[in-house]
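As the structure is a prediction and not an experimental result, all values here were calculated from the model. Below, read A as the first sequence line, B as the second, and so on, with proteins coming before strands; counting in each chain starts at 1.
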There are 2 protein chains.
Amino acid sequence: MTTNTEIKGFEVIERENGFEVFLEGRLLFTHSTKHPFVFVGAGEETIAMYRGNFKIDDYIVERIPLRFAQVTKQGDSVQIGLRHSKNDNEVLSIELNRDQDGMRASFDLKDDSINRFWMRIHADKEEKVYGCGEQLSYLNLRGKNFPLWTSEPGVGRNKNTYTTWQADVKDKAGGDYYNTNFPQPTFISTQKYYCHVDTTAYADFDFRQETFHELQIWEIPKSILFECGSTYKDLVTRLTERLGRQPELPDWTYNGIWLGIQGGTDAVEKKLDHALSKGLKIGAVWCQDWQGKRITSFGKRLMWNWQWNADEYPNLDTKIQDWKEQGIKFLGYINPYVAEEGSLYKEAKANNYLATKEDGSDYLVDFGEFYCGVIDFTNEAANKWYVSVIQTNLIDFGLDGWMADFGEYLPTDVKLSNGVPAKVMHNAWPAIWAKVNHDAVKESGRWGDIVYFMRAGFTGNQAYCPLLWAGDQSVNWSLDDGLASVIPAALSAGLTGCGISHSDIGGYTSLHGNKRSKELLLRWTEMAAFTPVMRTHEGNRPDDCFQYDGDEETLLHFVKMTDVYVELAPYVKSLVKLNATEGIPIQRPLFMEYEQDPKVYDIQYQYMLGSDILVAPVHEQGKDSWEVYLPEDEWVHFWSGEEYKGGHVEVAAPIGQPPVFYRKASTFKELFAKISKK
Amino acid sequence: MTTNTEIKGFEVIERENGFEVFLEGRLLFTHSTKHPFVFVGAGEETIAMYRGNFKIDDYIVERIPLRFAQVTKQGDSVQIGLRHSKNDNEVLSIELNRDQDGMRASFDLKDDSINRFWMRIHADKEEKVYGCGEQLSYLNLRGKNFPLWTSEPGVGRNKNTYTTWQADVKDKAGGDYYNTNFPQPTFISTQKYYCHVDTTAYADFDFRQETFHELQIWEIPKSILFECGSTYKDLVTRLTERLGRQPELPDWTYNGIWLGIQGGTDAVEKKLDHALSKGLKIGAVWCQDWQGKRITSFGKRLMWNWQWNADEYPNLDTKIQDWKEQGIKFLGYINPYVAEEGSLYKEAKANNYLATKEDGSDYLVDFGEFYCGVIDFTNEAANKWYVSVIQTNLIDFGLDGWMADFGEYLPTDVKLSNGVPAKVMHNAWPAIWAKVNHDAVKESGRWGDIVYFMRAGFTGNQAYCPLLWAGDQSVNWSLDDGLASVIPAALSAGLTGCGISHSDIGGYTSLHGNKRSKELLLRWTEMAAFTPVMRTHEGNRPDDCFQYDGDEETLLHFVKMTDVYVELAPYVKSLVKLNATEGIPIQRPLFMEYEQDPKVYDIQYQYMLGSDILVAPVHEQGKDSWEVYLPEDEWVHFWSGEEYKGGHVEVAAPIGQPPVFYRKASTFKELFAKISKK
């Protein structure tokens, strides 16, 4: 006996011992007493944080399969009552409803001892899944599990590398393939649906099983939303329709590179003049240390009291205006913590704006040889105050943008004003921090003009953060933590709804013997020319990092690649506009453009820049040619003008000529041809 | 309302929502609907073996608390019927019975989908636990969990050491604190009871919780036995009464050191003559390569075809007799695998004596650049055949002992003759291998005369293996894998019922840059003089290891320490006899002798040699003095004759004078004084 209940697009088919739920033909849930689709239970977690690195263990006290289901149709919704055994009470009730074009599952828990939830979603053997925020090691997530918890991404991120081992032993900081500043409980399946879980609790999405995906969440989630799409673009359009979209970047973005330099007004001016004299186009100068710096064993760190430091930057107030007149914006730096020595800390503490210990006493977070208070953004007054700090000290002072750093360090043992356990707020923090920045900019009438960039993220960054950056890569060639890793990072973030990303040119972290080589810097630069924003970073230990002005050849390489970037602007602007209106990312996995080609679904170190340019960055040392996979199309090699039809091709790839191809049919083909002829 | 059911020494007190079970006043189980004491469930394990190193993962599909208990007295037993919820069927029934002076819990499972079992045993906050076989990193097991699965012990055994990391990355061989050749599901609590689980399935004893110990077993165990004792000695006596006891070592053991040398008859003879000429007392010569050797990248390995190799050892048959006449026994080597190139493999294969793949085809195990068949000891004919191989090729040939190596490599995907899954037989294998040796020796009428020594173990080694050795330490000073580690190894094995242990003098494994220094060898030798057996090993890479004859000073140090060992024989013999009759180990943790002193319960790098000698081996490099903790007593420092009353004392500890003290009241004090005066 089977009963079909179809409610506007989704269908519940009851069978003897269970049921199946389909959404537009995709089988999502399959349930039977033998293979139930929901498990609930109780766990006792241990969460230890050391400088943004978390050790999280769970002792699962119980995990109960909810084997018995009673399905009832009630108007436009389907109720599924779940119990462990026939004669037990109902433990959980699930309501399925149409939500616009999707299906939303909502939950009603009848047993308050439950704090763990596992749901199985039907999987096909060949299915692939993507997203889960910004994932740096894997684009296709099938075959692994992904704990979703915003944290430091790790130094090395691969237990088999010596860098990782040293970082683990010395600083508990090595990380692993899943560590990321920006996780998100959202994935896209090659069954052409997305699944988004409305939760900020710790989650672990397990894609290791052949016949199901298992989503683990450390609460009963508010809801789970599924929606189908006709193409992968349609899917991200639908997803960002729900979650929000990044605005367009302001026009000045494309004026040139954003030069990350430091050291005070004079030093910065000298460097600018030198670079300009060589012909480098500069869109902005980015001075992290505009508010002062300190030296730690990790390297140069900042003062963390967010206001102009007139000792280190004399006349910055007028200088900013001079630079603006030259077409160069000034960018600064801020994060959501205040160092205990600073005036902002004192003000925040006096007004009870800081998160505290459970007993109300001061809570200071160790950031590596200095200590900070955590602004409690769940306190509306604190939130407004920090918005005003940004407005007064940054915007009104003349900044046109900043790195809005961190957001991942909310300790799980602080007490917050809204009374919600910090372990539940931890993942929410990055998007709250994004919104604080957003509100400051928006209220100042500068939304879409001022640009801040973040590494931390969660559901909400789509609407509140105009630009991601890929965090702190090691200054090396490693797949998991070097140049290559920023490619899957941008692609997975894009599939999660954040379509504008970029990275520190040359990487950031020089530790455990890693020093940035000239070659790495040159390769990273040529890749960055084919992303929405080019920005340099001196690194945590500038003296261990080759710099853009390290020698004449390098500076001229920057001039050349920035010229390419600037000339590509009309094309990239059109992509950025599409991202703002339809949520379609700038950097796209190949399958988003060539979904009929089965070979492209696991390619994670090549990407499409829009529909018309294919980029295959050289991410290994000592190469002068590179193998590229081209989906079937008519391609023109950017540097030689040679034409290709598709397949695996080997192309010359000397420094300065990264493997880039454009579609012969592109409406921008004349622009591309013009650029490449130079 | 409470109901007490007392059955000869154990007592079940029923309470409103549960019950408590006491054995001689010790609270063992406490059960309520809120805090049940048994959980059952289903798991899907993944077990991958690489050269004896296992990666074991478990996907716990369900873990069901059995909250509802019905207690019934039936004659002399108590039945406890357990169900998940009130209206469910009974899932498991437990029967508690008096068993001699102990209490045995037996199980009757009503649901055959269950393959996981967790039982909580009441714990006090301050309680400590010991045993679980041979544990090399921790004597007191409280605060950690201990997976119990016989395997290679690991190279490094500490994820924070560079040796471990290299071993992991290169060979998956680094191991961790719990890896051991000899695990056993048996522990001793400071509540003065032992707990022994009758199972050979994978188990994980978790001592991390404050209020309970949780025993995880991957089957419903046959039974669990608890027994109380008045002292720790009483406990091991009672435990070995059940599990068996090692026989006394033959008198020739004490004639001198067992010299581990190799290279053929002439080379061995030369080395013997040289050592004898310097005055070294030699009890036996141990030639691993009596059956031939091969060279691999790991180092020198053996031929694995267990018979005299007359090419490498010409005239060995008569030479053995010559040596015997000089008072020097000849020891060899065997293990339970046969190399595929050898005659024994051919014979075993022809007779179907080898474990096979599931489809019956050949199964070869990778031992590191060579491959072997696994004798299927569950096949009675194969078992008898291997007994006869030992009798014919080893005993009849003239060997007086051998290393009975390995036993930990039974792959979990072989098919065995008895039809039991290999994952259940895996842990059983070491004791079966011990019994094969035992049967060969016993049937030859040589039990208590021939000595074989094993590193692998499980329940059963007590009765079937006369001597343990601590496995393959790294040739370094690391706590987890060097000199120090063999001390907790001997103590925990002793508390599990195997009271006679020893180690490779100088350690075995030279890999990843570890080379055996002269100092390490000298310190290891002086410790070995205060253990039941002194035996050297050249190491896996003899050229990277300083040897006993590396220089004159070293050889004379061996002469001196062996003299001490030989002269201590009357005392050690008395201990070995006590071990044979009462199961009380030769090397004992301090708390076994001084249980009233709370300071001694966590001391794991000092031990008592019997009741009268306290040994505190120097296990760090470059020391000439050493801090020792002495329980309150009257102590005499072995080398200076100085007297101490107890407490922390610092003593001179130059090479050759290891920190050793004897009790002034000892009946052997004249012997000790005589030895120390030399």
B:Glu620 meets the salt bridge (charged side-chain N to carboxylate O under 4.0 Å, His left out) criterion, sequence neighbours left out, with B:Lys623
What one should report as the nearest heavy-atom pair of B:His84 and A:Asp88 is CD2-OD2, 4.0 Å
For atom CD of A:Gln70, is the number of surrounding heavy atoms from other residues, nucleotides or ligands below 6.0 Å larger than 12?
no
So how far is it from A:Glu62 CD to B:Arg63 CZ, rounded to the nearest 0.5 Å?
8.5 Å
Shortest non-hydrogen pair, A:Tyr162 vs B:Trp165, comes out as N-CZ2, 3.2 Å
Check this for me: B:Lys128, atom NZ, are more than 12 non-hydrogen atoms of other residues, nucleotides or ligands nearer than 6.0 Å?
yes
Applying a heavy-atom distance below 4.5 Å, give me the residues of residues 204-214 of chain A that approach chain B, sorted by number.
A:Gln209, A:Phe212, A:Glu214
Quick one: what part of B:Arg120 sits under 4.5 Å from any heavy atom of chain A, side chain, backbone, both or neither?
side chain
Inter-chain contacts: residues 46-61 of chain B against chain A, heavy atoms under 4.5 Å:
B:Tyr59, B:Ile60, B:Val61
Side chain, backbone, both or neither: which part of B:Lys86 has an atom under 4.5 Å from a heavy atom of chain A?
neither
For B:Asn179, side chain to side chain contact (heavy atoms under 4.5 Å, CB included) partners two or more places apart:
B:Ser151, B:Asp176
Please check if atom CG in A:Asp359 has more than 12 non-hydrogen atoms from other residues, nucleotides or ligands closer than 6.0 Å.
yes
Okay, B:Thr161 and chain A: the region with an atom under 4.5 Å from a heavy atom over there is backbone
Are there more than 12 heavy atoms of other residues, nucleotides or ligands under 6.0 Å from atom NZ of A:Lys172?
no
d(B:Asn87 CG, A:Ser85 OG) to nearest 0.5 Å is 7.5 Å
